[in-house]
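The structure appears right after this line, and notes come after that.
Keep in mind that what you see is a predicted model, and the values were worked out from it rather than measured. For this chain, numbers begin at 1 and follow the sequence in order. One-based numbering, in listed order, for ligands and for the atoms of each.
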Amino acid sequence: MNAADCLFCKIVVREIPAQIVYEDDNVLAFLDINPINPGHTLVIPKKHSKDIFEIDYAEWTAVMRAARVIAHALETALKTDGINLGMNNRAGAGQVVFHAHVHVIPRFEGDPHKLWRGKPYAEGEFAATGDKIRAALNK
Ligand code: 5GP
Ligand code: ZN
């Protein structure tokens, strides 16, 4: 998908309506239409990029800065007990809209949402996994 037929690019140029809660030169934030809890907000770079692999560092920094601004606003406005940040990158991770976006999710004590369940490493896998990642970083 390119920027011309991207849903979130259309929200940026107001071609599609959204509950926009924050905007600056580089970033737009608006309510997710299908929230985990009310107030669940999507923070996007205005400039189209698909995901964390494609977004440049300046845009990424602007998105993360705005995510923190939104976190404070959700705490004040909704008396949230906590915040989860989430980002799905590529279909294999459940991404559905291919314009990079960070989910800022208000959480409340006792709400039933479970973001992820951990599972222990198999024998030998812990150190081997660390080795692979360190090798990739040292390339
Ligand atoms: P993801 O790509 O992170 O898996 O999911 C995309 C998110 O965008 C979903 O949480 C979905 O509810 C939200 N979404 C999809 N279409 C629209 C839309 O037209 N407007 C808004 N505000 N959110 C949308
Ligand atoms: Zn886009």
Side-chain angles (χ1 to χ4, degrees):
M1 180 187 291
N2 60 35
D5 43 36
C6 170
L7 177 65
F8 287 175
C9 283
K10 288 181 177 161
I11 289 177
V12 171
V13 297
R14 275 51 172 191
E15 227 176 285
I16 289 177
Q19 278 294 326
I20 294 169
V21 294
Y22 174 87
E23 180 170 21
D24 63 30
D25 288 347
N26 303 304
V27 170
L28 195 71
F30 51 92
L31 299 185
D32 192 306
I33 40 161
N34 196 21
I36 284 168
N37 282 316
H40 178 160
T41 299
L42 302 177
V43 183
I44 70 169
K46 284 184 172 175
K47 189 172 110 193
H48 183 86
S49 61
K50 282 203 288 287
D51 53 34
I52 198 166
F53 299 102
E54 198 175 280
I55 191 168
D56 70 39
Y57 274 107
E59 303 283 330
W60 176 246
T61 303
V63 166
M64 293 313 285
R65 184 197 161 279
R68 186 171 185 276
V69 170
I70 298 299
H72 281 291
L74 294 178
E75 182 181 46
T76 302
L78 305 178
K79 309 281 176 266
T80 180
D81 295 315
I83 297 282
N84 289 122
L85 291 188
M87 186 180 194
N88 302 323
N89 294 285
R90 296 184 176 161
Q95 188 175 5
V96 174
V97 178
F98 294 93
H99 179 130
H101 54 280
V102 169
H103 296 254
V104 186
I105 305 164
R107 300 298 306 277
F108 300 92
E109 297 285 356
D111 78 34
H113 186 63
K114 186 89 182 129
L115 268 189
W116 56 73
R117 286 171 213 283
K119 57 178 190 293
Y121 279 100
E123 182 76 31
E125 195 187 14
F126 194 39
T129 302
D131 286 343
K132 279 189 210 165
I133 296 167
R134 280 184 290 272
L137 287 168
N138 290 329
K139 264 184 191 151

What atoms of ligand 1 come closer than 4.0 angstrom to any heavy atom of [X]?
X: N34; value: 12 (O)
X: F30; value: 22 (N)
X: H101; value: 1 (P), 2 (O), 3 (O), 5 (O), 6 (C)

> Hey, what do you get for CG (L42) to CD (Q19), rounding to the nearest 0.5 Å?
Replying inline: 12.5 Å
> With backbone taken as N, CA, C and O and side chain as the heavy atoms from C-beta onward, which portion of L7 lies under 4.0 Å from ligand 1: side chain, backbone, both, or neither?
Replying inline: side chain
> So, does E54 use its side chain to make a donor-acceptor pair with the main chain of A100 at under 3.5 Å?
Replying inline: no
>> Looking at R107, is its backbone amide N or carbonyl O close enough to the side chain of T80 to form a donor-acceptor pair, meaning the two atoms are under 3.5 Å apart?
In response: yes
Identify the protein heavy atom lying closest to [atom], giving its residue, its atom name and the separation to 0.1 Å.
atom: atom 11 (C) of ligand 1; result: D32 OD1, 3.4 Å
atom: atom 22 (N) of ligand 1; result: L31 O, 2.8 Å
atom: atom 2 (O) of ligand 1; result: V96 N, 2.7 Å
atom: atom 24 (C) of ligand 1; result: I33 CG1, 3.2 Å

> Angle subtended at the Zn ion (ligand 2) by ND1 of H48 and SG of C9, to 10 degrees?
Replying inline: 110°
>> Are there over 12 heavy-atom neighbours, none belonging to F126, within less than 6.0 Å of that residue's CZ?
In response: no
Determine, using the 4.5 Å side-chain heavy-atom cutoff (strictly less than), whether [X] and [Y] are members of one ILVMFWY cluster.
X: I52; Y: F98; answer: no
X: V104; Y: M87; answer: yes
X: V43; Y: F53; answer: yes

For ligand 1, which is the ligand I care about here, please tell me if [X] has any N or O atom under 3.5 Å from one of the ligand's N or O atoms.
X: G94; answer: yes
X: F8; answer: no
X: H40; answer: no

> Does H99 have its ring centroid less than 6.0 Å away from the ring centroid of H101?
Replying inline: no
> Which single N/O/S atom of H99 lies at minimum distance from the Zn ion (ligand 2)?
Replying inline: ND1
>> Looking at ligand 1, would H103 count as a contact under a 4.0 Å heavy-atom criterion?
In response: yes
>> Taking a cutoff of less than 4.0 Å between a non-hydrogen atom of the residue and any ligand atom, is L42 in contact with ligand 1?
In response: yes
>> Exactly one of R68, H103, M64 should register a side-chain contact (heavy atoms from CB on, under 4.5 Å) with L85. Which one does?
In response: M64
>> Could you tell me if the side chain of R65 sits less than 4.5 Å from the side chain of D24, heavy atoms only?
In response: yes
